[in-house]
4 protein chains.
Amino acid sequence: MAETAARGRPRSETARRAVLDAALRLCQRDGYQALTIKGIAHAAGVGRQTVYRWWPTKEAVLLEALRDLVHRQGARLAPDTGDTLADVRTLLDTTFRLARELTGHALVGLMAQAQHDGQLSARLQGTVIGPRRAALRDVLARGVRRGELSDEEVPLDLAADFAFGTMWYRLISQHAPVDDDLAARLSLALWRLLSPGGPHQAERCAAP
Amino acid sequence: MAETAARGRPRSETARRAVLDAALRLCQRDGYQALTIKGIAHAAGVGRQTVYRWWPTKEAVLLEALRDLVHRQGARLAPDTGDTLADVRTLLDTTFRLARELTGHALVGLMAQAQHDGQLSARLQGTVIGPRRAALRDVLARGVRRGELSDEEVPLDLAADFAFGTMWYRLISQHAPVDDDLAARLSLALWRLLSPGGPHQAERCAAP
Amino acid sequence: MAETAARGRPRSETARRAVLDAALRLCQRDGYQALTIKGIAHAAGVGRQTVYRWWPTKEAVLLEALRDLVHRQGARLAPDTGDTLADVRTLLDTTFRLARELTGHALVGLMAQAQHDGQLSARLQGTVIGPRRAALRDVLARGVRRGELSDEEVPLDLAADFAFGTMWYRLISQHAPVDDDLAARLSLALWRLLSPGGPHQAERCAAP
Amino acid sequence: MAETAARGRPRSETARRAVLDAALRLCQRDGYQALTIKGIAHAAGVGRQTVYRWWPTKEAVLLEALRDLVHRQGARLAPDTGDTLADVRTLLDTTFRLARELTGHALVGLMAQAQHDGQLSARLQGTVIGPRRAALRDVLARGVRRGELSDEEVPLDLAADFAFGTMWYRLISQHAPVDDDLAARLSLALWRLLSPGGPHQAERCAAP
DNA sequence: GCGTAACCGAGACGGTACGTCACGTCTTACT
DNA sequence: AGTAAGACGTGACGTACCGTCTCGGTTACGC
């Protein structure tokens, strides 16, 4: 259970942070394709070898930066306040905020790269895609258990596709923003879509 | 004001097709990032300069290949058979088939590149994203005009986001296929979402 | 017997000369160890790949530069004027001049590298070491045939070792110059060493 | 005025020997150019910093290893047995043995490096080149004083160049070994070359 | 029917980022 | 204070592709 005997000069946390920050900054400024290990190292004021020592590719750097952002947001993904609609909206809000922090560029670039990189794909799934998806499913499933929602007409998975799909579509196509208003509209649309008898009950939140 | 007098050897259509085909094939096989002008030229059995003469970047090559595919599909985007639900499903079917032909890889790669390339972004919008989106809106708007659907609860734009967003989400994340079944389920879900009084009427197609 | 159909852009003789010249110049200025492909390319105003395209290592560059120098000197190695002593002296003169042109640095560096590189060693032997050695042997052998010299006491090979060994020793150790005076003294010493009856006859050239 | 008070852990003689031995071994195995401080430290089982603490460059390591070898041979360079020819041969024998111990590679590599490193050049002169040269001159000068040899025709310096030059030439070019037989032949050739009246007297050792 | 102009293939050119290696320095814990 | 370990910033290595250029050779007009 003991740790490996720490020998030699310890890793510089300063360098690690500088690299991750520089990677996000450059990806935001110049785009994913223009992102370069050489450029990251230079912008971070760090030797090129220091980047290669800890990350095999620029994808790995971005992935770790992404992971850091996720962790910093904390685990408040499925709050369970008892109000299903509010919970859905909170979850979408935090997810959209994360996407905006990365300007989407990093996220879209990573996903494009993951098309042909199974390992990267799996890590992205495990880090962000999967957990968010599971969290939304949990919140909706709670609504079903309470009898507020029904998964008979539209399966919950498809409902989750609607929510996150809309986010990704807008990130990619940029025809509309991914903001709090979208979170509100999406929450209501999901509520209507999954209402048991029909979407009339969704009015309950519009009518005081 | 006539055309410029055509002088010299005319452009080789053979070379053009070979380049476009090779680009799609390589992008499918190795991924967008691994795609290379040199590689395209070699695979097409064509001189490198011949590619550069007609296309400035690999994005331009893919875009033209994409445009060819779209044109080959013909303009049967918004059929207007009188059956709104069937029209929606047909539109989604053809769109999904196009996406599958490109394996998504090319599409996702292009979109990633377009994040920081306004011109490419505009061309993609004009070629595929926009027309499909407009076509779906038209079909839905016809339903609204017929009184079958209502855009009061959920705006048609958001409904379009749902449909294409789900497609993109699955292309990117690959957690589920983009097939005919999805087109069917999506059509029904949109119908239910946009039903005027509520989603009960959607049952009309389930009931024989 | 036909040549390979020369296709594509032909090799630039300008670049070739620039590389060879820069290599010699830099080796002279900074020494063999400090010589760098990158440095050569930069000094020659040439892309790095252009060097790698034609020469695998910096040794190959220097070797070709050396070969050029040798060819430029022409084949007047074993002149056979009838005067053995003069011929020896001429041969040593041209050889010493070649060594001085390379400042010895390139030559010594190449030989050091050849210690563990059989191929380089063979090429050096074939290009400079071997031919000069053979030429000196021929000149001396002519002297023996004329009866002016004898190889009974001291074999001609050892005499050649004396001459070229002295040159190398001085190049390496730099305790004395490798100049025309050395060529003169060496010629006389060889004459004396190989004189048939004894070295008295060598005086014939000192006496008018 | 005594020594500085030795404080802290004393230098490890084990590490020093390990470094010197490893340097010679690696230089012999892989050649001078491939010799690396990192490699030496690893082969010696020693920290890299330990090498840098005591030697500034790999040349310094080799030079000290060389110095150790010379000291181990002892100072029996100019034995003065009364027999000049035997003394010359003994001196050449011990010198050739030293060169063989280093396989020449280290020696040639060091000399190549010394072409542009005045300090290294000076140290090499002082450690090996100079002393051997002086010793040979002394032995020959004794022969001149005894009347056995003459420096009128051929100066003793040039004679020394012949002997050591031949050794270096063969070390570098490897066209012939540097062995005891060469020492014997060289001694006789020098005797003949420096014989006062002529080389006939040299026969005295061939005739029993 | 023959020049001429633009195409085609090939491939060398000057660049730049790649990922690796060794450099020489530094910062640890241990002896 | 010396030692083994190993991370640090630096820079050359040899490779791949970039986008441009320069060849010889190939069409299809227009005089």
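Basis for what follows: all heavy atoms, side chains included, without hydrogens, waters or symmetry-related copies. In what follows, chains carry the letters A, B, and so on, assigned in the order in which the sequence lines appear, proteins first and then strands, with residues in each chain numbered from 1.
- In this structure, CG in L69(A) is found 11.0 Å from NE2 in H71(A), a value given to the nearest 0.5 Å.
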**Prompt:** Base, backbone or nothing for each nucleotide of nucleotides 22-27 of chain E, written B, S, -, heavy atoms under 4.0 angstrom, 5' to 3'?
**Reply:** SSBBBB
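- If you measure from atom CD of Q33(A) to atom P of dC17(F), you get 15 Å, rounded to the nearest angstrom.
- In this structure, R11(A) satisfies the cation-pi test against W55(A), with its NZ or CZ atom closer than 6.0 Å to the six-membered ring centre and inside 45 degrees of the ring normal.
- Across the protein-nucleic acid pair, R53(C) atom CZ and dA10(E) atom P stand 17 Å apart, rounded to whole Å.
- The side chain of T50(C) places no N or O atom within less than 4.0 Å of a non-bridging phosphate oxygen (OP1 or OP2) of dA12(E).
- The distance from atom CH2 of W55(C) to atom P of dC13(F) is 15 Å, rounded to the nearest whole Å.
- Regarding contacts with the backbone of dC8(E), a side-chain N or O of W54(B) is found under 4.0 angstrom from either OP1 or OP2.
- A salt bridge (charged side-chain N to carboxylate O under 4.0 Å, His left out) with E64(D) is found for exactly one of R17(D), R123(D), R16(D), namely R16(D).
- Comparing E13(D) and G45(A) by the nucleotide of DNA chain F that holds the closest heavy atom to each, the one mapping nearer the 5' end is E13(D).
- OP1 and OP2 of dA7(F) both lie 4.0 Å or more from every side-chain N or O belonging to S12(A).
- Remark on DNA chain F: of its neighbouring residues A44(A) and A44(D), the 5'-side contact belongs to A44(D), judged by nearest-heavy-atom nucleotide.
- Between the Q113(B) side chain and the Q33(A) main chain, no donor and acceptor come within less than 3.5 Å of each other.
- Panel note: side chain K58(C), backbone Y32(C); a donor-acceptor pair is recorded below 3.5 Å.
- The distance between atom CG of D30(C) and atom P of dA12(F), rounded to the nearest whole Å, is 12 Å.
- Rounding to whole angstrom units, CZ of residue R11(C) and C1' of dG24(F) are separated by 20 Å.
- Using modelled atom types, one side-chain atom of T57(B) and one backbone atom of A60(B) make a donor-acceptor pair closer than 3.5 Å.
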